[in-house]
Amino acid sequence: MSEAPPVSVFPSDLPHAEPHGNPAGVRRVAVLTSGGDAPGMNAAIRAVVRTATHHGIEVVGVRRGFSGLHRGDLRLIGPRDVANTIQRGGTVLLTARSKTWRTPEGRALGAEHLREWGVDGLIVIGGDGSFRGGHLLQEEHGIPVVGVPGTIDNDLYGTDHTIGYFTAVETALDAVDKLRDTGASHERIFVIEVMGRHAGHIALEVAVAGGAEEVFIPEDPKPASGVVQTVKESVAKGKASSIIIVAEGYPGGAQGVADAIEAGTGLETRVSILGHIQRGGSPVSSDRVLASRLGEAAVYALMDGASGVMVGRMNGEIAHTPLRETWERRKDVSRDLYRCAKTLSV
Ligand code: F6P
């Protein structure tokens, strides 16, 4: 009897560090982080450096975002410089929100530094403001720019998730769970504000995962007074305490919602604004993996001659989206999740 051929755990067609062509002839790329930091930015920097090194390309690290670029704060970095960083929050390249970059003179200086360093393309890890800065650099000075979505707000079109979002949700959820303990013990209403300047992604996710009674997001600026009815109904149903989640960008914020509750019900209400704590901490695995994939994809994009695009992941696949579209087109919050939050609050 002939034996069946052994089944390989690693089929030969499974790609493993397969070489990527470099039709654009890229020899040196620069990388910077800009705007609000997000957990996983270090994993993205690491992926850029190591993908480039793997393909014989040098990397110039720019410190303090566009602010450092116009000042000429550049240095060569290699794979050992990014060792032991994948698990660290923040950004080892530092970040800033640069006013000078908003001026044509500031951008011209930055372009000059990139030329001096012989850089063939710039990778910008950040949010919409950072991409606007990168877009202008490319438009005005012809330097290829590729964006990597790094912001906890998850508010960029062209990627299902942004780097840092998953970690921020976990951090906020941990706080909500703790506030629920004290809220339940004191039979109080807790109104908790999470980050999201223009978007309710974090708020919605946290509301569903944290079992909130109500959620307020900028995408649906319903009047805060409606919460009075929700709280009264909750009390009538026998709920002694309630959790209300409010996105930072909702008009009036958490305080406005809390004022409405106290005025309409007389119930003891506390406000907790989670703030910048949501931006810190060790990135969760989903952020590390997303950052690793997108950092790799950004280098490949430049090697393929792509520019003026953001690399994102949509339905599991790497996608390129023109930088301008990432902020001009709106990524809607999940309507299903919004409905689910309401349904489950009975
Ligand atoms: O990173 C995005 C974000 O977290 C927003 O949700 C928030 O409004 C903003 O950053 C605050 O940023 P900063 O205080 O650093 O200017």
Side-chain angles (χ1 to χ4, degrees), residues 32-45 63-68 88-102 124-134 147-159 161-176 191-207 215-221 245-257 271-284 286-287 290-291 294 310 312 323 326-327 330-333:
L32 60 78
T33 49
S34 160
D37 62 331
M41 277 185 163
N42 286 326
I45 298 165
R63 301 205 320 153
R64 299 188 180 85
F66 290 112
S67 172
R88 286 169 59 188
T91 160
V92 292
L93 283 177
L94 308 178
T95 186
R97 299 190 196 275
S98 170
K99 286 206 177 84
T100 319
W101 198 258
R102 295 194 197 134
V124 174
I125 305 169
D128 61 339
S130 312
F131 292 170
R132 284 170 210 255
V148 175
T151 164
I152 64 165
D153 288 356
N154 195 29
D155 58 351
L156 291 169
Y157 180 84
T159 188
H161 300 105
T162 54
I163 297 163
Y165 169 67
F166 294 110
T167 308
V169 166
E170 293 307 322
T171 303
L173 188 59
D174 180 56
V176 169
V191 183
I192 305 167
E193 187 175 295
V194 298
M195 272 192 168
R197 200 180 347 211
H198 306 295
H201 296 279
I202 297 177
L204 257 192
E205 192 89 3
V206 167
V215 57
F216 290 90
I217 54 175
E219 289 85 347
D220 179 19
I245 304 290
V246 182
E248 173 192 10
Y250 172 75
Q255 193 58 56
V257 174
V271 172
S272 182
I273 298 177
L274 302 187
H276 291 77
I277 197 165
Q278 295 160 97
R279 290 232 296 249
S282 178
V284 297
S286 311
D287 276 325
L290 180 64
L294 297 185
M310 178 194 80
L323 283 176
T326 65
W327 69 81
R330 187 168 182 90
K331 177 162 81 183
D332 205 5
V333 288

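Residue numbers count from 1 along this sequence. Order of listing sets the numbers, starting from 1, for every ligand and every atom in it.
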Sub-3.5 Å N/O-N/O distance, Asp37 and ligand 1: no

Candidate list Thr326, Leu156, Leu323, test side chain to side chain contact (heavy atoms under 4.5 Å, CB included), partner Asp128, passing option: Leu156

Residue-ligand contact Gln278/ligand 1, heavy atom below 4.0 Å: no

Steps toward side-chain contact (heavy atoms from CB on, under 4.5 Å) verdict (Thr91, Asn42): CA-CA 5 Å; Thr91 160; Asn42 286 326; 4.2 Å; yes

For atom 14 (O) of ligand 1, the protein heavy atom that lies nearest, with its residue and separation: His276 NE2, 2.7 Å

Heavy-atom pair with the smallest gap, counting every atom of Gly89 and Pro283: N-CD, 4.0 Å

Derivation and outcome, side-chain contact (heavy atoms from CB on, under 4.5 Å), residues Lys331 and Asn154: CA-CA 9 Å; Lys331 177 162 81 183; Asn154 195 29; 2.8 Å; yes

Criterion side-chain contact (heavy atoms from CB on, under 4.5 Å) on Leu290 and Tyr165, from CA distance to verdict: CA-CA 10 Å; Leu290 180 64; Tyr165 169 67; over 6 Å; no

Top protein contact for atom 15 (O) of ligand 1, by heavy-atom distance: Arg279 NH2, 2.8 Å

Residue pair Thr162 / Asp153: nearest heavy atoms and the distance that separates them: OG1-C, 4.5 Å

Atoms of ligand 1 close to Asp153 [distance to a heavy atom under 4.0 angstrom, numbered from 1]: 2 (C), 3 (C), 4 (O), 5 (C), 6 (O)

Atoms in ligand 1 flagged as close to Met195, the criterion being non-hydrogen separation under 4.0 Å: 4 (O), 6 (O)

Residue, atom name and distance, where the atom is the protein heavy atom closest to atom 13 (P) of ligand 1: Arg97 NH2, 3.3 Å

Other residues, nucleotides, ligands: >12 heavy atoms within 6.0 Å of Arg132 CZ: yes

Gly196 neighbourhood, listing ligand 1 atoms whose heavy-atom distance to it stays under 4.0 Å: 6 (O)

Shortest protein heavy-atom distance from atom 8 (O) of ligand 1, along with the residue and atom involved: Glu248 OE2, 2.6 Å

